[in-house]
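As structure tokens, the structure follows; a few thoughts come after it.
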Amino acid sequence: MAENTNTNLPKTTEEARAKQASQPAQQSPQAQGPLQTDHGTTTIAETVVQKLAGIAAREVPGVYAMGAAGRRALNAISERIPGSQTNVSGGVSVEKGDLQTAIDVSIVVEYGVSIAEVAEDIRRSIIQAVEHGTSLEVIEVNVNVTDVHLPEEDNDDAVSDRSDRLE
């Protein structure tokens, strides 16, 4: 019979137990996060993150509108169609992984507000809404200010609307 040349193998059951007790316990694979559990995996579509971020950004004081001018015009037209839904994700783009997400928002601010303060409030609001709603870690929120809404623009719109009705 060949002699056991592997010195790592225990010779008795007691030695095997002692060796196992001295080594750190190997744990079964743990859940990677709240979305991946032992009982299954939850997936979240990018559109869910977009909507949560869009709603959170719109709630921040000083945000007049979301998106660039073309997107806003398209949204205004589509909202006038009976039965259409408001597009709350306009002006929001998302890159999402299994555990983390990065979000870009385009906004129009109201004249007279501090853009830096509004941007920071948007970041705080989006991070809170998305992390609470999805359990994804928000690694960054980039804010792109595309325009400033002037108070006179409201009066111009009202005059334009009235003149259209008079003709």
Side-chain angles (χ1 to χ4, degrees), residues 27 29-167:
Q27 298 176 352
Q30 293 293 319
Q32 296 177 12
L35 299 176
Q36 293 83 24
T37 68
D38 292 337
H39 300 287
T41 300
T42 302
T43 56
I44 297 172
E46 283 186 4
T47 56
V48 173
V49 177
Q50 282 180 308
K51 285 183 179 184
L52 290 173
I55 292 168
R58 280 176 173 74
E59 292 176 348
V60 173
V63 174
Y64 177 76
M66 298 287 295
R71 167 57 67 185
R72 291 193 320 270
L74 183 63
N75 286 346
I77 292 169
S78 66
E79 286 177 4
R80 292 182 180 183
I81 298 171
S84 67
Q85 295 179 348
T86 302
N87 183 3
V88 295
S89 61
V92 180
S93 63
V94 171
E95 291 182 32
K96 188 189 78 61
D98 291 337
L99 301 174
Q100 297 176 324
T101 187
I103 301 167
D104 296 333
V105 295
S106 295
I107 63 163
V108 176
V109 295
E110 295 175 353
Y111 175 77
V113 301
S114 167
I115 292 174
E117 288 178 16
V118 170
E120 191 55 37
D121 290 345
I122 288 171
R123 285 185 186 93
R124 190 177 308 109
S125 180
I126 287 175
I127 290 169
Q128 180 183 10
V130 171
E131 287 186 350
H132 173 75
T134 67
S135 295
L136 293 170
E137 177 188 10
V138 178
I139 55 173
E140 69 179 1
V141 176
N142 298 309
V143 179
N144 180 24
V145 180
T146 61
D147 201 358
V148 174
H149 176 74
L150 303 174
E152 307 84 66
E153 292 173 347
D154 287 335
N155 294 336
D156 291 344
D157 292 341
V159 169
S160 172
D161 286 347
R162 274 187 260 137
S163 65
D164 288 344
R165 282 185 248 149
L166 294 175
E167 294 178 355

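- Between Val105 and Ile122 the shortest side-chain heavy-atom distance falls below 4.5 Å.
- Residue pairs that meet the side-chain hydrogen bond (donor to acceptor under 3.5 Å, both in side chains) test with at least one member in residues 105-123, sequence neighbours left out, are Asp121-Arg124.
- By the 4.5 Å heavy-atom criterion applied to side chains, Val92 and Asp104 are not counted as neighbours.
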Practice problem: Would you please test Ile127 and Val141 for side-chain contact (heavy atoms from CB on, under 4.5 Å) and show each step? | Solution: CA-CA 8 Å; Ile127 290 169; Val141 176; 3.9 Å; yes

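- Taking each heavy atom of Ser125 and Ala56 in turn, the nearest pair found is OG-O, 3.0 Å.
- At a threshold of 4.5 Å between non-hydrogen side-chain atoms, the residues Val145 and Asp147 do not count as touching.
- Under the side-chain contact (heavy atoms from CB on, under 4.5 Å) test applied with Thr101, the options Leu99, Ile103, Asp98 reduce to a single match, Ile103.
- Smallest separation of non-hydrogen atoms from Val118 and Gly62: CG2-CA, 4.2 Å.
- Residue pairs satisfying the side-chain hydrogen bond (donor to acceptor under 3.5 Å, both in side chains) criterion with at least one member in residues 126-140, sequence neighbours excluded, are listed as follows: Gln100-Glu137, Glu140-Asn142.
- Nearest approach of Met66 to Gly91, heavy atoms of both residues: CE-O, 4.2 Å.
- Between Leu136 and Gly97 the shortest heavy-atom distance is CD2-O, 4.1 Å.
- Put simply, the side chain of Lys96 gets close to the backbone of Ile44: a donor and an acceptor are under 3.5 Å apart.
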